Each structure stands twice: as structure tokens, then as C-alpha cells.
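Okay, so here's the structure we're looking at.
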Amino acid sequence: MLIAKELREMIVAAINDAVAAGEIPPVDAPDFVLERPRLKAHGDWATNAALALSRNLGRSPRDIADILARRLQEGTEAQGADGGAGTLRSVEVAGPGFINITLSQDRVLGELVRVANEGETYGRWSFGEGRRFNVEFVSANPVGPLHVGHGRWAALGDALCKLLEAAGYAVDREFYLNDYGSQMDVFAASVEARYLELAGLEFEFPAEGYHGAYVADIARALLAEDGGRPLQKPPDERRSELGERAYRMALSHIQDSMASFGVTFDAWASERELQQAGAVEKEVRSLIADGLAYEKDGAVWMATSRFGDDKDRVLVRSSGAPTYFAADIAYHLDKMARGYDHLINIWGADHHGYVRRMQAAMEARGYPDGLEVILGQLVNLKRGGEPVRMSKRTGEMVTFDELVEEVGRDAARYLFLTRSQDTALDFDIQLAVEESMDNPVYYVQYAHARICSILRYGSGKGVDLSEDVPGMEILRLLESEEEADLALKIFEFEELVRDAAMDRAPHRLTRYLEELAAVFHVFYNRHRVISDDAELTAARLFLVRCARQVIRNGLAILGVSAPESM
RNA sequence: GCGCCUGUAGCUCAAAGGAUAGAGCAGCGGACUUCUAAUCCGCAGGUUGGAGGUUCGAGUCCUCCCAGGCGUGCCA
């Protein structure tokens, strides 16, 4: 059983027993903290249960702690009465009333065996109960290459999905294409202008057009493909054909970028298809019929202010064109209609003002908690400390592909995930490349490669590397401080996965893996794994294999590879 | 003006209301005839933006102020 769970149960039992024995007045077990203390002197685990109880009981927390500590001690002695060892080695009261707990060696070793037995499923949970989640992320306009900022959402979205899957949810990844509306027209006009230019014809570049060099690249590819045949067609037809093919090209490029980054989407939803199927128009009519939308000033408004929005929002402009909002309502209802229990959208912080109206719409349609929006702060791209200006319109930009090419897929993924999405991310390309050897991702991967190296060395020495779990009498040779530290750090993984999934915080995993790698490296520098002592060698091999397993499991959630050698 | 996010070591960032606020980088000094020195050990570095408040206990919660980012469209 998860150590933290067992300890919690033991503490609750101690409280109830103390109440039953009349040592403390009747009280419900309070919320209390059970954590791994920062200071080693405070034991393997510590709880503030006595401090929490003293608030309700009005008695000295030290007295309560003494009572609980004695109960815990007696409890663990009872566990050991049948010859085996109890869970606890020692229980001490310290400070204002903390109870510091040290685990018995056998309890630690038993948990280690569980890690080995569960293997790649160690750290997986089932509390998601198979509920179907749809996570929508990246969702860039298909009018050019992805930029660096999209990379953060790709890394974050995919890692979050993997975390949710580890928690037991059934997750689909979805990319929403805003392939309808004015930006597509501008894109088509921009490509057409470059196309005409390349063909040596007169052209007029649209005032608000896309100036990036990639537009000309697309035009050049189109021209090479068709040899200028569209020039024979009427202007309208020509533009729509070129625009359509340019869109397909841009989309295919985006799909290639995501695929090579290792992100596989289950669905590529199209706004245009929704529009053409009449889903948007139909939803607007339905909202009016249901009294949730109304006409005013020649436009159609949705009464989002009745559901917590600051004011009502336009669904259909007085020009007759539907807004992005109208399409988004139809789109999100479409997702719900596809059977999802919960929707998660990852949006850039610049869409912050849009969240409330979207949730108001969902509430109006009967899904008050159906949509969860994760806002991520933006990426500030730098090169050697100097900010890199990025604008799709002017074309000054570093593309996502270029970044991945330059710093590598693992480093890019990992660096994107080192910070909370609530924090703007400074991404210095030069630093990521130049200091790649000091990059935290390599620190973690190196620990994995080192363990593989140990196993290779052992194999060369003829050491028995079968995956069998050594017996307890052998495992008990793991009695050094560094070995215990490594084991206890390994055990943090399971709860961390749960907490990170619930808090939507993949970045906690990077921090943890660095801590785990650090504890391993310390162990490695103090102790030889492969030695002349066959039993000790077997025990230590077992320990480092457990560490390797957890590093693997953690990196897998982040979508980062675990190399066998570096 | 209003709303959201952020403010912690020289830099980049961590810390479900807990004990002496931690890592990495940069700086200084050490450790390889030993399984990978992409590592490890040590030193130095702080009024957690500021002021009040709640609490046995606040970087964390509340109020106000300061600074930065984003938003506040019949744009997407």
C-alpha cells in the first residue's frame, strides 16, 4: 500500500483509539498534513495532526502529540507481534507538536519491491475511472508555420494528457482549426500576390497581408506544382483555388511539426466544416428559440451576462457574419455531443478575456462545469539575452521547427515544462544550445544512462542480471543513508503523479525528476553498485533498477526519451 | 478605471498554512589508477516588492499600496 495512505490510516486510528480510551475528548479526525519533511532530522515523514487537533480541543499540542505518538508506537508493535516487522521504526514528538516518523527498513524495502513489481505501471492510478476527457491545445490558425509559443502548448498539452491518462482518465487530444473567416481570406490573398509576383505578373499585396517569407515559399511550391495553370482562370476562382491549396499545405506542415515533436492528435476539428454543415447557424437559431439570445441593433446577442459574464456578447454581426464566439459555442457543444465528460482547453493568456463568456455559454447549455480553461502565459523568445521580436504579420519569427531543430526535441519539450504555465517563460535559444550540457534534461537523462551503464558493466562482469526480486535477507543490506534517501525519493513519485494530474501541473514532474536524479547521483558517488560482494551487488542493482524505472516512467509522462547511453 | 497572472539569492525558478525559505546557473575552493567528472563535496549568496491584518505558526490566506505582463472588440 502507498506509504502515505497507510500512515494516514495509522494516525486516524491512533486518534480514534485515544478518543475511545478517554485520553482525549471525542473529536472527528481533523484535516492534517502528512509530508516528507525538509530536514532529515525530522524523520522520513512528519505530521501536524496534534497541532490540528489542539485547535479544536484546546489542549496543548505537545500533550496530544505525546498521546498519539505512544498510540502509533503501540500500533506498530502490534503489527510486528506475529514475527514480522512493523511499519514504523521510531515516532518522535518535536517542535511545537509535530510527530516525526521514521519507517522501518522492512517497510521501505517492501515498498521498493512493489515499485519493481509494478514496473512501468508504477505511478498509475485509477481514480479517473475511465471518464472521457477531451483536451484541446495548440489550435493555431492554419496560415503558416507554428511559432515557438505554440511549442509550449504542444509540450504542455501532451504532458497533461499523459498525466491524466496516468490518473486513469480516457483522454483524447484535439486540435481546432480556425480555417474559416477573414484571416483565411487574407492568407489566400497574400499567397496569391506572391504567386503572381513569382510568375512575373502585376500584383497587389493586401494591406493587412501576411508578410512572412513562408508565404512566398508556399507560393513557390504551388507554382512548381501547377506550372502556373491557375493563371488561366478567372481571378475569383484562381484565388480560391490557390487559397485552398495553400491552406492544405500549411495544415500539412503543422501536422508534420506536431508529429515530429511526438504529439499525436486524435482529432483535427475544422471550424469551416462546422460552418458548412450549418451547425453554427443552427445553434444561433436554437439559442434564440430558447430565449438565450436576442436581436438588437441589427445583430444577434447572447445573454451571457445572465451566466456570470460582464455583458452580453454578439453572435451574429449586423453584417450577417457569425462571430468566432458563435462558432466556438457550436464547436464546444459538438465536443460534448461526442460523449466527453469534461473538456479542457489550453489557451494563451491573451485569450483571458474570452474565458468567462465561453463558460457562460456552456452553463447556458447545461454544462456548468463542462469546460475547464487552462491559461498559459506566453513565451518570451530570446537569443543571447536579446529579445527576439516575433510577428506573424511582419514575418519576423523563429518557427517552432527551427527551435526544435536547434535545441533538440527532448530539450525543447523539457524546457517548456520546467515552469508553471502561470509564469511567462523566457526561452533563450542560445542558452538552451550553448549550455546544453548543463541543461536539466540532460541531468535527468544522464542518471538514467548511468544506471544502464552500470547494468552493462555488470553484464560484462558476469553478474546475474535476472529481473528476480532478491529476498529480504539480501535487501536488508541496503542500510546506508544514501540508499534509504534514494528509496524514499522514489516513493514520492506515486503521489506526485496524482497531485500533478489534479492540479494540471506537469512542471512539478520536472522538478521531481531533477531531485530524484540528484539523490541517485549522490548515491552513485558514495557507493559502488558492482562489487565483489555478490549479495550487496544484487541488492544495489535492485535499488538502481527501481530508480531507473521511475525515471523512465516520469520522462515518459513528459514525452522525453530515456536514453540508454549518452 | 475594472478583471486575471506575476513579483522569492546576481540570473532563471521551487516550496497542498508548518519546523532553520530550497534547487539550478553564474562566482570561489576541492574530488576521477574505481560501474560515464554531462557527476559529486564544500564556501558564499535573502528584510520572499512594501505596509497592515488573520493564525500557536504566513513566501503561502485577507485588505491596501507599488512594479511588470495580459485582457477589458459587432477581431480571431
Side-chain angles (χ1 to χ4, degrees), chain A residues 31-35 37-39 41-42 46-48 51-52 54-55 60-61 94-98 100 141 178 180-184 271 296-301 310-311 313-325 327-328 348-356 375-378 380 385 418-428 431 435-447 449-458 460-461 463 495 499 502-503 507-508 510-512 514-515 517-518 520-531 537 540-541 544 565-566:
Chain A
D31 282 341
F32 58 85
V33 174
L34 176 69
E35 63 179 3
R38 276 196 278 266
L39 254 59
H42 295 155
T47 180
N48 70 344
L51 291 158
S54 77
R55 189 173 314 206
S60 146
F98 289 100
N100 296 332
N141 293 344
N178 297 124
Y180 181 90
S182 58
Q183 82 278 1
M184 295 306 288
E271 178 185 359
K296 192 185 86 176
D297 303 333
V300 179
W301 300 69
D310 296 333
K311 56 180 186 176
R313 308 290 175 172
V314 171
L315 293 171
V316 182
R317 287 177 272 247
S318 48
S319 70
T323 59
Y324 180 87
F325 180 46
D328 239 6
D350 53 338
H351 287 69
H352 157 73
Y354 199 72
V355 176
R356 195 177 284 184
L375 289 179
Q377 299 293 318
L378 305 177
N380 300 315
T418 50
R419 312 229 192 299
S420 157
Q421 56 263 25
D422 290 339
T423 304
L425 177 67
D426 282 335
F427 198 115
D428 193 312
L431 232 58
E435 300 189 351
S436 60
M437 292 312 167
D438 295 322
N439 194 310
V441 67
Y442 297 113
Y443 183 81
V444 175
Q445 288 181 319
Y446 183 55
R450 242 184 178 175
I451 295 170
C452 293
S453 173
I454 293 169
L455 296 176
R456 278 193 301 271
Y457 178 82
K461 290 279 218 177
V463 174
E495 283 190 286
D499 294 346
M502 287 176 42
D503 295 345
H507 74 280
R508 287 203 198 158
T510 61
R511 169 83 33 177
Y512 167 75
E514 286 157 38
E515 290 169 2
F520 166 75
H521 286 311
V522 170
F523 160 80
Y524 178 89
N525 276 278
R526 298 258 175 87
H527 304 284
R528 278 195 67 81
V529 175
I530 311 288
S531 67
T537 296
R540 286 185 174 158
L541 275 174
V544 300
S565 65
M566 291 173 68

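As the structure is a computational prediction, the values presented were derived from the model and not from experiment. Letters A, B, ... are given to chains in the order of the sequence lines, protein chains preceding strands, and every chain is numbered from 1.
The residue A:Ala46 sits close to a base: some heavy atom pair falls under 4.0 Å. If you check every strand for non-hydrogen atoms under 4.0 Å, A:Arg356 touches nothing. Here A:His521 lies in heavy-atom contact (under 4.0 Å) with sugar-phosphate atoms only.
The CG-P distance, from A:Leu51 to B:A19, rounds to 11 Å in whole Å. At whole-Å resolution of the value, CG in A:Asn48 and P in B:C56 are 14 Å apart. At whole-Å resolution of the value, CD in A:Gln183 and P in B:G73 are 20 Å apart.
Nearer the 5' end of RNA chain B, as judged by each residue's closest nucleotide, is the contact made by A:Val33, out of A:Asn100 and A:Val33. With the nearest nucleotide of RNA chain B identified for both A:Ala349 and A:Gly458, A:Gly458 has the one nearer the 5' end.
Within the structure, a side-chain polar atom (N or O) of A:Lys311 is placed less than 4.0 Å from OP1 or OP2 of B:G73. Remark: A:Tyr524 is in phosphate contact with B:A37, judged by side-chain N or O atoms under 4.0 Å from OP1 or OP2. A close approach under 4.0 Å does occur between a side-chain nitrogen or oxygen of A:Tyr443 and OP1 or OP2 of B:C40. The side chain of A:Arg450 places an N or O atom within less than 4.0 Å of a non-bridging phosphate oxygen (OP1 or OP2) of B:A37. Of the side-chain N and O atoms in A:Thr423, one or more sit less than 4.0 angstrom from OP1 or OP2 of B:A14. Taking side-chain N and O atoms only, A:Arg511 has no distance below 4.0 Å to OP1 or OP2 of B:C13. The side chain of A:Arg317 contributes an N or O atom lying less than 4.0 Å from OP1 or OP2 of B:C75.
For the C1' atom pair drawn from B:G68 and B:C32, the interatomic distance equals 47 Å after rounding to whole Å. When the C1' atom is used for both B:U12 and B:G17, the distance is 27 Å, rounded to whole Å. For B:C25 and B:A21, the P atoms lie 22 Å apart once the distance is rounded to whole Å. Here the separation of B:G3 from B:U47, taken at their C1' atoms, is 31 Å to the nearest Å.
Exactly one of A:Asn525, A:Val444, A:Ile451 qualifies for a side-chain contact (heavy atoms from CB on, under 4.5 Å) with A:Phe520. That residue is A:Ile451.
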Pairing pattern in dot-bracket form [Watson-Crick, G-U; both distances under 3.5 Å; | = partner strand] for RNA chain B: (((((((..((((....[...)))).(((((.......))))).....(((((..]....))))))))))))....
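Between the base of B:C74 and the side chain of A:Thr323 there is no donor-acceptor pair shorter than 3.5 Å.
Residues A:Leu375 and A:Gly348 approach most closely at CD2-O, 3.7 Å, considering heavy atoms.
For A:Arg419 (side chain) and A:Ala424 (main-chain N/O), no donor-acceptor pair under 3.5 Å exists by modelled atom type.
Expressed to the nearest 0.5 Å, how far CZ of A:Arg456 lies from CD1 of A:Ile454 amounts to 10.0 Å.
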